[in-house]
Amino acid sequence: MIKPFIMNFSPYKKKIVDTEEYKAFSNDFDYYINFFQNLSGLISYNGRIISLITNSKIHILDTSLIENAGQTLRSVKLCSSIGCFADANTLIRKLRDDLVLYIYILDVINHRKPFVEDDVANLNTEDKEKLLSALLNIRLNNVLTADEQAIEAWFNNTVTELPYTTRKKLSFENYMKSLKQNVNIKKILDDYNLQDYWETLRTRLNNYVHNNGKQFTNQNFVHAENKNIDTHFKNINTRVSYISSIFVILLLMTESTLISSTDMIDHLDTGIEPPEDCQYFIANFVQEFINTRITKLHPELKQYLKDHNTHGMKID
């Protein structure tokens with residue numbers, strides 16, 4: 001078999017992965033890959049079932065989007081290792097969209113009324129026979145909001161069949177518009193100086209996605225001797241850190257039980273009485289993330305998360 005001859009005209013012999021800048025970047029970046037891997041494992045281990053119930057099917061929100069985030073980060077790291085920073089930043093926008101999509105789906109499910117409200121309101125819990133009869137005759141709510149229709153289509157892989165206005169619900173702009181209906185989320189973004197950079201980041205990432213200028217094309221040809229290589233690496237880490245932090249904040253304001261520790265299950269599995277209120281303990285790696293990443297965003301933000309997370313989880 002004749003091997004193809006590939007000419008290499010590049011004058012640069014040193015590889016990016018051999019630079020000290022890359023090694024420093026890699027050590028920091030791996031933290032986020034491991035974080036999402038651990039979060040996915042935690043939610044799965046705790047056995048929390050989150051479902052969208054419609055008149056046609058029960059859809060389960062698993063941890064695929066969170067696992068997907070970890071895989072996307074691996075792709076970002078690979079692109080960065082070969083100097084393709086335009087591609088790396090394009091993937092970072094995908095990371096942002098996918099993580100906020102998870103929160104959006106969670107929020108839509110939380111607000112979904114799966115049963116006809118009159119049927120639920122008329123349940124008589126004092127009479128067991130009447131209660132059983134009423135439960136057997138409770139009706140599913142077959143009316144879906146536009147957001148619920150969009151989410152159901154996402155689960156069914158039929159998004160392209162939706163009318164344009166409904167399909168637009170599956171956009172970053174609508175995700176944030178919907179989530180800001182939560183007064184705590186809106187307050188955090190507005191009062192803790194997060195909204196400005198969130199908007200700045202949106203513009204910067206869009207520039208890479210849409211290739212808004214030759215400078216963005218050229219960022220796919222960065223070599224090891226480039227004088228700005230350390231800046232490129234720091235930008236990647238900063239953007240990923242910010243997106244990951246916003247995701248955790250949104251999660252705490254939407255469904256904070258998902259960060260609960262495994263103490264309750266571990267004690268029950270071993271036949272030991274669980275510690276009092278251990279259902280409110282949070283996983284150590286999430287506590288570390290809050291302490292080392294989220295606190296950098298604003299000095300008073302951690303206290304707000306302690307006081308206002310949805311289920312009173314105990315953040316130290």
Side-chain angles (χ1 to χ4, degrees), residues 29-54 57-74 95 98-112 114-115 120 123 125 128 131-132 135 138 151 155 184 244-295 302-316:
F29 195 81
D30 285 347
Y31 176 86
Y32 302 103
I33 296 175
N34 294 332
F35 175 80
F36 286 108
Q37 182 178 351
N38 290 336
L39 182 61
S40 175
L42 176 70
I43 295 172
S44 298
Y45 180 81
N46 281 333
R48 177 71 185 279
I49 299 176
I50 304 166
S51 57
L52 174 68
I53 302 174
T54 70
K57 195 175 182 181
I58 298 178
H59 303 279
I60 304 299
L61 177 62
D62 58 20
T63 60
S64 297
L65 282 166
I66 298 176
E67 290 182 48
N68 176 65
Q71 289 296 87
T72 298
L73 286 172
R74 289 184 175 89
L95 174 77
D98 289 347
L99 288 174
V100 179
L101 170 60
Y102 179 84
I103 302 295
Y104 168 70
I105 295 174
L106 197 57
D107 185 63
V108 170
I109 290 175
N110 281 348
H111 286 91
R112 165 76 175 156
F115 305 107
V120 176
L123 290 176
T125 57
K128 292 183 179 180
L131 175 60
L132 179 59
L135 287 173
I138 201 168
I151 295 304
F155 279 115
N184 287 324
S244 302
S245 297
I246 292 290
F247 168 75
V248 173
I249 290 169
L250 294 176
L251 187 63
L252 288 169
M253 294 299 112
T254 305
E255 191 59 54
S256 62
T257 57
L258 294 180
I259 64 165
S260 62
S261 71
T262 63
D263 287 72
M264 175 69 79
I265 294 176
D266 292 343
H267 280 78
L268 292 175
D269 284 347
T270 55
I272 302 174
E273 183 71 21
E276 185 178 0
D277 292 336
C278 71
Q279 67 269 31
Y280 299 110
F281 296 172
I282 71 171
N284 290 335
F285 74 91
V286 179
Q287 181 68 62
E288 181 192 25
F289 186 93
I290 293 171
N291 291 344
T292 61
R293 266 60 181 181
I294 290 179
T295 54
K302 180 179 175 181
Q303 187 61 49
Y304 191 88
L305 299 179
K306 291 175 66 172
D307 295 338
H308 296 90
N309 73 81
T310 57
H311 290 79
M313 303 304 288
K314 295 184 180 299
I315 299 172
D316 293 331

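If you read the sequence from its start, that first residue is 1, and numbering goes on from there.
- In this structure, CG on L42 lies 9.5 Å from CZ on F35, to the nearest 0.5 angstrom.
- Open room surrounds CD1 on I49; 12 or fewer heavy atoms of other groups in view lie less than 6.0 Å from it.
- Taking 4.5 Å as the limit, every side-chain heavy atom of I50 sits out of range of all side-chain heavy atoms of I60.
- The CZ atom of F29 lies 4.5 Å from the CG atom of L73; values are rounded to the nearest 0.5 Å.
- Closest heavy-atom contact between F36 and G70: CB-N, 4.2 Å.
- Counting non-hydrogen atoms of other residues, nucleotides and ligands closer than 6.0 Å to CD1 of I58 gives a total of 12 or fewer.
- For Q71, the side-chain hydrogen bond (donor to acceptor under 3.5 Å, both in side chains) criterion is met by R74, not counting sequence neighbours.
- A heavy-atom distance below 4.5 Å is not found between the side chains of L65 and L99.
- Residues L251 and L258 are in side-chain contact: their nearest non-hydrogen atoms beyond the backbone lie under 4.5 Å apart.
- Evaluation of the salt bridge (charged side-chain N to carboxylate O under 4.0 Å, His left out) test over residues 275-287, restricted to residues two or more places apart or in two chains, returns none.
- Applying the side-chain hydrogen bond (donor to acceptor under 3.5 Å, both in side chains) test to S64 and every residue at least two apart in sequence or in another chain returns D62.
- Here I103 contributes atom CD1 and I249 contributes atom CD1; the two are 11.0 Å apart, rounded to the nearest 0.5 Å.
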Exercise for the section: Start with the C-alpha gap between L250 and Y102, add the side-chain angles, then the distance that decides, and say whether side-chain contact (heavy atoms from CB on, under 4.5 Å) holds. Expected result: CA-CA 10 Å; L250 294 176; Y102 179 84; over 6 Å; no
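- For the pair F155 and L61, the minimum side-chain heavy-atom distance is below 4.5 Å.
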Exercise for the section: Kindly determine whether I294 and K302 satisfy side-chain contact (heavy atoms from CB on, under 4.5 Å), including the steps that lead there. Expected result: CA-CA 7 Å; I294 290 179; K302 180 179 175 181; 5.8 Å; no
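- Residues L252 and I315 are in side-chain contact: their nearest non-hydrogen atoms beyond the backbone lie under 4.5 Å apart.
- Side-chain atoms of N34 come within 3.5 Å of backbone N or O of D30 as a donor-acceptor pair.
- Annotation: side-chain hydrogen bond (donor to acceptor under 3.5 Å, both in side chains) contacts of T310 (sequence neighbours excluded): S256.
- Qualifying ring-ring contact (aromatic ring centres under 6.0 Å, His included) partners for H308, counting only residues two or more places apart in sequence or in other chains: Y304.
- For the side-chain hydrogen bond (donor to acceptor under 3.5 Å, both in side chains) test, no residue two or more places apart in sequence or in another chain qualifies with T254.
- F247 has its side chain out of reach of V100: every pair of non-hydrogen atoms, C-beta onward, lies at least 4.5 Å apart.
- Pairs passing the side-chain hydrogen bond (donor to acceptor under 3.5 Å, both in side chains) check and including a residue from residues 258-267, sequence neighbours excluded, read Y45-D266, N46-S260, S261-D263, T262-D266.
- With sequence neighbours excluded, no residue forms a salt bridge (charged side-chain N to carboxylate O under 4.0 Å, His left out) with R293.
- How far CG of L39 is from CD of E67: 10.5 Å, rounded to the nearest 0.5 Å.
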Exercise for the section: Check step by step if side-chain contact (heavy atoms from CB on, under 4.5 Å) holds for I53 and H59. Expected result: CA-CA 6 Å; I53 302 174; H59 303 279; over 6 Å; no
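- Atom NE2 of H311 is surrounded by more than 12 heavy atoms from other residues, nucleotides or ligands within 6.0 Å.
- Looking at heavy atoms from C-beta onward, Y31 lies in side-chain contact with T292 at the 4.5 angstrom threshold.
- Listed by first and then second residue, the salt bridge (charged side-chain N to carboxylate O under 4.0 Å, His left out) pairs that reach into residues 42-53 are R48-E255, sequence neighbours excluded.
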Using atom types as modelled, flag every donor-acceptor pair under 3.5 Å from a side chain in residues 280-290 to any protein atom, sequence neighbours excluded.
{"from": "Q287", "atom 1": "OE1", "to": "D316", "atom 2": "N", "distance (Å)": "2.9"}
{"from": "Q287", "atom 1": "NE2", "to": "N291", "atom 2": "OD1", "distance (Å)": "3.0"}
{"from": "Q287", "atom 1": "NE2", "to": "D316", "atom 2": "O", "distance (Å)": "3.0"}

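- The closest donor-acceptor contact from the side chain of T54 to the backbone of K57 lies under 3.5 Å.
- Distance CD1/I265 to OG1/T270: 11.5 Å, rounded to 0.5 Å.
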